[in-house]
Amino acid sequence: MNKGYAPKGIGRIPEPETKKDYKGLFKRLAGYVLHEWRLFFVAILLTLLSNQLALMGPLYSGTAIDAIVAEGGVDFPTVWENVFKMLSCYVLAALLSYLLALLMVKLSQRIIRTMRKELFAKITKLPIPFFDKNAVGDIVSRMSYDIDTINSTLSHDLVQVMTSLYTVIGSAIFMFRISKPMMLIFVVTVPAAVLFTRYRAKKVRPMFKERSRKLGELNGYAEEMLSGQHTIRTYGREKTISEDFNRHNADAMNATYRAEYYGGILGPSINFINNLSIALITVFGGILYMYSQSGAVAAGTLFFITLGGVAQFVQYSRKFAGPINEFANILHEFQSAFSAAERVFRVLDEPCEAPDGEDAVTLDAVKGDVEFEHVDFSYIPEKPVLKDFDLHVKAGQTVAIVGPTGAGKTTVINLLMRFYDPSSGEIRIDGKPLKSITRESLRRAFTMVLQDTWLFYGSVYDNIVYGKENATLDEVKEAARRARIDSFIEGLPDGYDTLITDDGVNISKGQKQLITIARAMLSDAPMLILDEATSNVDSRTEKMISAAMDDLMRERTCFVVAHRLSTIENADLILVLRDGQITESGTHAELLRLGGFYATLYNSQFT
């Protein structure tokens, strides 16, 4: 649930419809690679050596063939010498290629570790509105699926590109030395392959972007539905959500199919062009060899070629054409990687929470005097949430805020914590404007107990001590005792060392809430926020902890958002918010005598 009532997004980070800067994406990815320049330098060295050895193989095989068909008979010493050299080159090339593959796996994992580290660090610095507008599943998809896609390209496809580049250039040099006339065949076939590849890449690129987007939406929907299984089962909506999931799944499948289908056409098409070039080379080479053997072409002239030379040229032409074909096959993987990188970089480029002002001060020795002066606020400009909101809470007072859903109760808390800033007006603590206070010290001055409890994987002790990292075990036990949860914890198999798993699914909602209350009790923050803090606690448990809550609230400035009015009868001030404005204010007794909205709401609960 969006507690801040901020307008929810459509489950994904908005993607502007501007033309994408793919050169910029490449430069940013290259920057991550060059960050590990030592490993990358070794990888380039291994690439050069292994490919140079592989390119020497056809040279020795051609020499061996010419030794076999020599006029004076087979020159066996030359044949065996060149066969040995050829095999040695191929064996060493294979060994170096294996080492290169291992090195690239290590290099890619280091790069991906850096990217994940930066992405997670960025997410922790993003403002709360970002999470109000984007599905958690889509964000997780960028950290998992998208980064894994980039990893696949870095660990495999990048090696292929480096290898292909060197092989193409090296093969072209060897072929040029063997027969310049036969190189004319590539004047037709290479431009045809390049132009077709460029044409298809332009068509396929948006399809891979759409595939990443649809997969992000699918993950976002799945995460949302998995987290709401209890509600789904209660209302019998299994069939409905299955149908919705199938729709998202079908959209993702269709987007993936279109991208892979049209991307897959590229490889066979380029392969056909390359096979055509090899066929032409074989025919043209055979003609040149026939004329060379007949004496029509003198040895050493431009059109002279031996049988070994034809064999060499054919092998080099396959090495020349092969990388072009392979590059076409992996081009759609690069398209996918660029789309994934674009999604990751979009999060990295999101603006962080606005920095504190240069003259921002630390909030020390907090008394807890809070003022709202003529505060206006809206999540969407044309829909105001708070209108000319005024409030003065003296240090140590408890103010309760009630009102219908959407009235702006939680928005007051969001503004107080500076998750959002007012559209106009000013909020002050101890006379200091919030904007002049560092966010860290401001939020450290509060402790919170929310309706949506959050427990992490760890022991009960770890979850309670989260409110005060240097707390001792005795302090934790005292906080648990005050929260009336100590007997339950001590009855667990491992007591305070009992692990809480999967956000506390192994304990009840009421017990989770009590643990978060114990966490708040451990904090020494001078101000307290209770946002529907007892909504998940039954009436008996509520009464059991009321004394502890009173103790927790003593000598603190407290803000209480509640629908259960029994929890706020002793508040120093109760505000009734309706349509973003304070319509009633006073103590519990004063509001009952007033006979307005609060009295009606109270009587509806207890009469």
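Side chains included, hydrogens not; waters and symmetry mates left out as well; all remaining heavy atoms used.
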inquiry  = Within the structure provided, determine whether Leu107 and Arg110 are in side-chain contact (heavy-atom separation under 4.5 Å).
reply    =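 No; the side chains remain at least 4.5 Å from each other.
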
Below 4.5 Å, heavy atoms only, C-beta onward: do Lys106 and Glu36 meet side chain to side chain? no

Review point. Side chains of Ser61 and Gln312: do they bring a donor and an acceptor to under 3.5 Å?
Key: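 There is no such pair between these side chains.
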
| Residues Asn414 and Thr411: side-chain donor-acceptor under 3.5 angstrom |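 The answer is no; no qualifying pair exists.
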
Would [X] and [Y] pass as an ion pair if we require N to O under 4.0 Å?
X	Y	value
Glu440	Arg444	yes
Arg28	Asp349	yes
Asp364	Lys432	no
Lys122	Glu118	no

Any donor-acceptor pair under 3.5 Å from [X] side chain to [Y] backbone:
X	Y	result
Thr167	Ser164	no
Glu475	Thr472	yes
Ser441	Leu363	yes

| query | Does the gap between the ring centers of Phe456 and Tyr466 come in under 6.0 Å? | reply |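 Aromatic pair counts; centres sit under 6.0 Å.
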
Ring centres of Tyr379 and Tyr420 under 6.0 Å apart?
yes

- Task: Answer yes or no for Lys180 and Phe176: cation-pi contact, defined as NZ/CZ to six-membered ring centre under 6.0 Å and angle to ring axis within 45°.
- Result: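 Judged by the rule (NZ or CZ under 6.0 Å from the ring centre, within 45° of its axis), Lys180 counts as positioned above Phe176.
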
Legend entry - Intermediate values then yes/no, salt bridge (Lys or Arg N to Asp or Glu O under 4.0 Å), Glu353 and Lys125: CA-CA 6 Å; Glu353 195 168 40; Lys125 297 176 183 177; over 6 Å; no

